[in-house]
Student: 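Have a look at this one before I ask anything.
Order of listing sets the numbers, starting from 1, for every ligand and every atom in it.
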Amino acid sequence: MYIAPRSGALSLPGANKNMKAFLLSALSLILGNTTGPECPPGLLGSLADFESWLQSESVIAFNKLVDNIGGYGTNGDAVINGMPIASPSRLDPDYYYIWTRDAAITLAAVVDKYFKGGAHNTTLHAILMDYIRSSERLQRVTNPSGDFTSLSGLGEPKFAVDGSPFQGNWGRPQRDGPGLRASTIMDFINTCVLLSETTHSSFADAYWSVIVPDLQYIQKFWQQPGFDLWEEIDGHHLYTSIAQMRALSQGAYLATELGDTISAASFAETADDIARFIRSTYWSFGQERLVETDTTKRSGLDSATILAAINMVTVPNRTLSDSVDLYPWSDDILQYLEELIRSMESLFDINTMRIQQFATAGKNTNLTGVGIGRYPEDVYDGYGISRGNPWFLCTTTVAQALYAATQYFASRTSSYTIRVTKKSEVFFDRFLGGFPGYSGQGYELSPGDKSYECLVSSMFHYADSFMDVVRTHMDQSTGQMSEQFYRDNGYMCGAADLTWSYGAFYTAAEQRASATKEINDFIGIQTC
Ligand code: NOJ
Ligand code: NOJ
């Protein structure tokens, strides 16, 4: 049996280059040239280099994502049309399957690209239409989670690439899939209506045959436990509940547009029920913060919550229940983000080394981004069980949340005030800790204040520093990303060419581009 190389870091093509980049950046420290506006606080090199890498990698990442889609990519020959494989890796680990979740999340990146291109790209349109058709087909495949008639089969997490059921043991059902899938399809429909002179009614078939079953699945099963997005524990999970609530809110809007008023009311009602459930279930009074899961098997700090928060950000025509304010700029999420990052800073050797390196260069290490893993107690190393590592998609998700919050703050008018609260204090301390007059809880700042400008630019630099972590550990010569990078030497590991790593990178880079526009209108990017 062939065993793919894993810890033999030197056998990985990107490894030597990564080490070289690491040494070169260390050298540039000794030679100086690491401060000043051309070298922002979150980076050791120049902003211009960073931005040109970001731009080219964003294009590469999107192309590599498409490469994993059935009917469109070089890795997708045997795969049903419009569905991505999680990774082309077929052995150690075997990720050569269609996961409902990975598919919905990465196709959401395709919708975003289609939207940004003004709905003109016919290939992207074809991919998304195929995704709808193949979703309809997979929904009707009887599988170990159940069947279509009872709707239970919609909770099945993964399928073989030809669309046949996967019969092996697995953590099932996973109840985030139907909501994620329905949301991606509704985002696509809304984009088409907004940009290409079509009407909602031209998507009535997709609504009745694909979206309604997914939404009815949620209505029937949302109260029941299921496996989390990491496929490990059975219970209720914030990420899953948000995916369910978001889909039903969007569904209520679409149903109204299509004249299905009875369903619209019913979807909206369940969305509100789930919103109440979220409020009452995922707050820990002991820890005084959100928790990702209602089981006590984990501390509750988990990048899944940040993934949920970025999923809350509105896209065209998406209307969400106001009763759950878990946007990236909300107090709950800012507090949680800070606590998650802190838990990761000291967990991985590569993080402490990076912080040390920035300190040696005379940088403000509060703005040094680090590698982020799934959750602190993680033991999955990408192949089996040992110790968890930082993940590409978790690291870019933290960056995306910071960009989204930065964009939000940069686009407020002068009447807006941030009031530092007991919850958000830990977060704001990071950026304003040394700022003259800053006093923590109770401190107020508004657009136009120096402290507000400092906050906005520092958050942006900090977000860049997380993207820079990805730059350090990916294969810079090919633009490839796997699932994880080793916690103590930084070499890539886990499934190669993970579709989700590429999708997450692309959306984080897009969020940066939108944030940049707002900041330029506001103050321009500066260093304080
Ligand atoms: C594979 C799953 O996809 C992953 O999430 C999990 O951590 C490992 N199996 C270990 O159980
Ligand atoms: C393991 C991850 O934990 C899970 O979220 C993902 O769906 C699968 N790998 C496939 O990428």
Side-chain angles (χ1 to χ4, degrees), residues 6 61 64-65 67-69 75-76 79 83-109 138 144-145 155-161 166 168-181 184 226-235 237-240 242-243 292-293 295 297-298 302-308 310-311 372-397 480-485 487 492-505:
R6 51 170 87 155
K64 291 199 172 291
L65 185 164
D67 237 14
N68 287 348
I69 298 181
N75 295 322
V79 188
M83 283 291 165
I85 43 172
S87 148
S89 173
R90 299 187 193 205
L91 195 67
D92 199 29
D94 184 4
Y95 272 41
Y96 191 62
Y97 289 94
I98 298 162
W99 263 267
T100 307
R101 166 182 43 262
D102 297 45
I105 294 171
T106 55
L107 269 287
L138 290 183
S145 292
E156 178 66 3
K158 67 186 229 188
F159 294 86
V161 299
F166 167 69
N169 286 334
W170 209 251
R172 59 166 67 90
Q174 295 175 19
R175 304 193 191 280
D176 55 334
L180 296 172
R181 173 168 55 207
T184 294
F227 279 80
D228 69 321
L229 81 166
W230 308 132
E231 320 191 281
E232 296 172 334
I233 51 172
D234 199 8
H237 317 284
L238 176 57
Y239 178 83
T240 302
I242 295 261
E292 158 60 23
T293 172
T295 73
K297 291 187 184 140
R298 292 179 193 157
D302 193 318
S303 50
T305 298
I306 308 304
L307 276 161
I310 63 172
N311 283 346
I372 302 292
R374 296 192 296 184
Y375 55 93
E377 306 84 359
D378 198 0
V379 291
Y380 175 56
D381 61 17
Y383 309 96
I385 302 301
S386 67
R387 297 188 308 158
N389 294 306
W391 283 43
F392 286 105
L393 74 92
C394 299
T395 307
T396 54
T397 293
Q480 284 174 294
M481 274 176 235
S482 63
E483 183 183 69
Q484 322 183 5
F485 38 103
R487 61 196 283 152
M492 286 205 279
C493 57
D497 289 313
L498 189 83
T499 317
W500 191 356
S501 295
Y502 293 130
F505 184 91

Student: Would you say Trp500 and ligand 2 have an N/O pair spaced under 3.5 Å apart?
Tutor: no
Student: Are Asp234 and Lys297 within salt-bridge range, i.e. N to O under 4.0 Å?
Tutor: no
Student: Under a 4.0 Å N-O cut-off, is there an ion pair linking Glu156 with Arg172?
Tutor: yes
Student: If you measure from OG on Ser89 to OH on Tyr96, what distance do you get to the nearest 0.5 Å?
Tutor: 11.5 Å
Student: With heavy atoms of Ala86 as the reference, note each atom of ligand 2 found under 4.0 Å away.
Tutor: 10 (C), 11 (O)
Student: Heavy atom under 4.0 Å from ligand 2: found in Trp230's side chain, backbone, both, or neither?
Tutor: both
Student: Could you give me the CA-CA distance, side-chain angles and deciding distance for Arg374 and Glu232, then say whether side chain to side chain contact (heavy atoms under 4.5 Å, CB included) is met?
Tutor: CA-CA 12 Å; Arg374 296 192 296 184; Glu232 296 172 334; 3.0 Å; yes
Student: Tell me if the centroids of the rings in Tyr97 and Phe166 come within less than 6.0 Å of each other.
Tutor: yes
Student: Could you tell me, atom by atom, which parts of ligand 2 come under 4.0 Å of a heavy atom of Tyr95?
Tutor: 1 (C), 9 (N), 10 (C), 11 (O)
Student: Starting from atom 5 (O) of ligand 2, find the nearest protein heavy-atom neighbour and note its residue, name and distance.
Tutor: Leu229 O, 2.7 Å
Student: Any idea which protein heavy atom is nearest atom 11 (O) of ligand 1, and the distance to it?
Tutor: Glu232 OE2, 4.3 Å
Student: Is any NZ, NE, NH1 or NH2 atom of the basic residue among Glu231 and Lys158 found under 4.0 Å from an Asp or Glu carboxylate oxygen of the other?
Tutor: no
Student: State the atoms of ligand 2, each with its element, that fall below the 4.0 Å cut-off from a heavy-atom position in Arg101.
Tutor: 4 (C), 5 (O), 7 (O)
Student: Measuring from non-hydrogen atoms of Arg374 to any atom of ligand 2, is the shortest distance under 4.0 Å?
Tutor: yes
Student: Can you tell me which residue and heavy atom of the protein come closest to atom 2 (C) of ligand 1, and the distance to 0.1 Å?
Tutor: Glu231 OE1, 3.2 Å
Student: For atom 7 (O) of ligand 2, find the nearest protein heavy atom and state the residue, atom name and distance (0.1 Å precision).
Tutor: Asp102 OD1, 2.6 Å
Student: To the nearest 0.1 Å, how far is atom 9 (N) of ligand 1 from its closest protein heavy atom, and which atom is that?
Tutor: Tyr380 CE1, 4.4 Å
Student: Taking Ser501 for its side chain and Phe392 for its backbone only, find out whether a donor-acceptor pair lies under 3.5 Å.
Tutor: no
Student: Are Trp230 and Trp391 an aromatic pair, judged by ring center distance below 6.0 Å?
Tutor: yes
